[in-house]
Amino acid sequence: QVQFVESGGGLVQAGGSLRLSCEVSDVTVSINRIGWFRQAPGNQRELVALITASGGTNYANSVKGRFTISRDNAKNTVYLQMNNLKPEDTATYYCNLEISGDRNWGQGTQVTVST
């Protein structure tokens, strides 16, 4: 069945870095549009990074220049490299198809950035 399993979150000081991983089952990442989303309590879920089937990428303005999305097709895994983290990046991070609706959301991985 379709699964998106996120890992790699943690507690980091402002200015630090983390790399998140998204292991995907029953969806081939190389032929789909896969996004990283984040949601903080009381906030709307937002798309922060996207990778397309052709390998193109797009980013929310708030993370441009700091975050990089990539994939390893052999591992069917998508990554999010996060550099120069800021307290406002604190959220639960999820991966999923770009057009996901209420489907296939995993547990996410918590990122907390301290001042």
Side-chain angles (χ1 to χ4, degrees):
Q1 70 225 57
V2 176
Q3 281 191 303
F4 296 84
V5 180
E6 303 92 345
S7 62
L11 174 63
V12 64
Q13 290 186 320
S17 297
L18 287 170
R19 190 175 83 145
L20 308 184
S21 296
C22 173
E23 298 182 353
V24 183
S25 299
D26 277 356
V27 169
T28 302
V29 301
S30 63
I31 61 171
N32 283 284
R33 297 166 66 93
I34 308 295
W36 281 98
F37 304 77
R38 68 186 181 189
Q39 187 169 27
N43 288 8
Q44 188 175 1
R45 184 176 61 231
E46 63 172 335
L47 177 68
V48 298
L50 171 71
I51 187 162
T52 71
S54 65
T57 58
N58 286 288
Y59 300 92
N61 288 336
S62 59
V63 308
K64 283 181 180 177
R66 300 189 298 118
F67 290 11
T68 303
I69 188 170
S70 62
R71 68 188 180 205
D72 184 330
N73 293 338
K75 295 181 178 180
N76 208 45
T77 298
V78 180
Y79 303 95
L80 186 68
Q81 178 67 45
M82 305 187 295
N83 297 326
N84 192 25
L85 283 160
K86 302 176 179 181
E88 51 263 46
D89 297 319
T90 295
T92 303
Y93 284 71
Y94 304 87
C95 58
N96 208 336
L97 295 166
E98 180 195 15
I99 307 301
S100 52
D102 61 355
R103 301 179 300 276
N104 306 129
W105 296 101
Q107 295 299 304
T109 187
Q110 178 67 37
V111 172
T112 302
V113 184
S114 64
T115 58

> Roughly how far apart are L20 CG and Q110 CD, rounded to 0.5 Å?
10.5 Å
> Do V63 and I51 belong together in a cluster built from hydrophobic side chains that touch within less than 4.5 Å?
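Hydrophobic grouping puts V63 with I51.
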> Does any part of the side chain of T77, heavy atoms only, come nearer than 4.5 Å to the side chain of V24, both counted from C-beta?
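SC-SC contact between V24 and T77 ruled out.
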> Report the C-alpha separation of S70 and R19 in whole Å, then their side-chain angles, then the decisive distance to 0.1 Å, and conclude whether the side-chain contact (heavy atoms from CB on, under 4.5 Å) test is met.
CA-CA 11 Å; S70 62; R19 190 175 83 145; 5.7 Å; no
> Identify the heavy atoms of I34 and F4 that sit nearest to each other, and give their distance.
CD1-CE2, 4.2 Å
> V2 pairs by side-chain contact (heavy atoms from CB on, under 4.5 Å) with which of L97, N96, V27?
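The residue from L97, N96, V27 that satisfies side-chain contact (heavy atoms from CB on, under 4.5 Å) with V2 turns out to be V27.
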> Which distance, rounded to the nearest 0.5 Å, do you find between the OG1 of T68 and the OH of Y79?
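The distance works out to 14.5 Å.
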> How many angstroms lie between CG in L47 and CZ in R33, if you round to the nearest 0.5 Å?
9.5 Å
> May I ask you to decide if T52's main-chain N or O and R71's side chain share a donor-acceptor pair within less than 3.5 Å?
yes
> Treating T90 as the side-chain partner and T112 as the backbone partner, does any N or O pair qualify as donor plus acceptor under 3.5 Å?
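It does not hold such a pair.
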> Do we see a donor-acceptor contact under 3.5 Å between the side chains of N83 and S17?
yes
> To the nearest 0.5 angstrom, please state how far the CD atom of E23 sits from the SG atom of C95.
9.5 Å
> Could you tell me whether the side chain of R66 reaches within less than 4.5 Å of the side chain of K86, counting heavy atoms only?
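K86 reaches R66 side chain to side chain.
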> Quick one: pull up OG1 in T92 and CZ in F37 and give me the separation to the nearest 0.5 Å.
14.5 Å
> Taking the side chain as every heavy atom from C-beta outward, state whether Q13 and P87 have any atom pair closer than 4.5 Å.
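The answer is no; the side chains never approach within 4.5 Å.
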> Can you measure from CG (N32) to CD1 (I99) and round to the nearest 0.5 angstrom?
11.5 Å
> C22 and side-chain contact (heavy atoms from CB on, under 4.5 Å): which partner among Y94, W36, Y93?
W36
> Flag yes if more than 12 heavy atoms outside E88 fall under 6.0 Å of its CD atom; otherwise flag no.
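Yes, because the 6.0 Å sphere around CD of E88 holds more than 12 heavy atoms from other groups.
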> Answer yes or no: is there a side-chain heavy-atom contact under 4.5 Å between V48 and Y59?
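Answer no - side chains too far apart.
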> Which heavy atom of A91 sits nearest to which heavy atom of A40, and what is that distance?
CB-N, 4.0 Å
> Which pair of heavy atoms, one from R45 and one from Q39, lies closest together, and at what distance?
N-NE2, 3.7 Å
> For a quick test of reading the model, state the closest non-hydrogen atom pair linking Q107 to E6 and the distance between them.
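Minimum heavy-atom contact is N-OE1, 3.8 Å.
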> Could you state whether V111 and I69 fall into the same hydrophobic cluster, counting links through intermediate Ile, Leu, Val, Met, Phe, Trp or Tyr residues with side-chain heavy atoms under 4.5 angstrom apart?
yes
> If I compare all heavy atoms of V29 with all of N76, which pair ends up nearest, and what's the gap?
N-OD1, 2.9 Å
> For T109 and G8, work out which heavy atoms get closest and say how close.
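The pair with the smallest heavy-atom distance is OG1-N, 3.8 Å.
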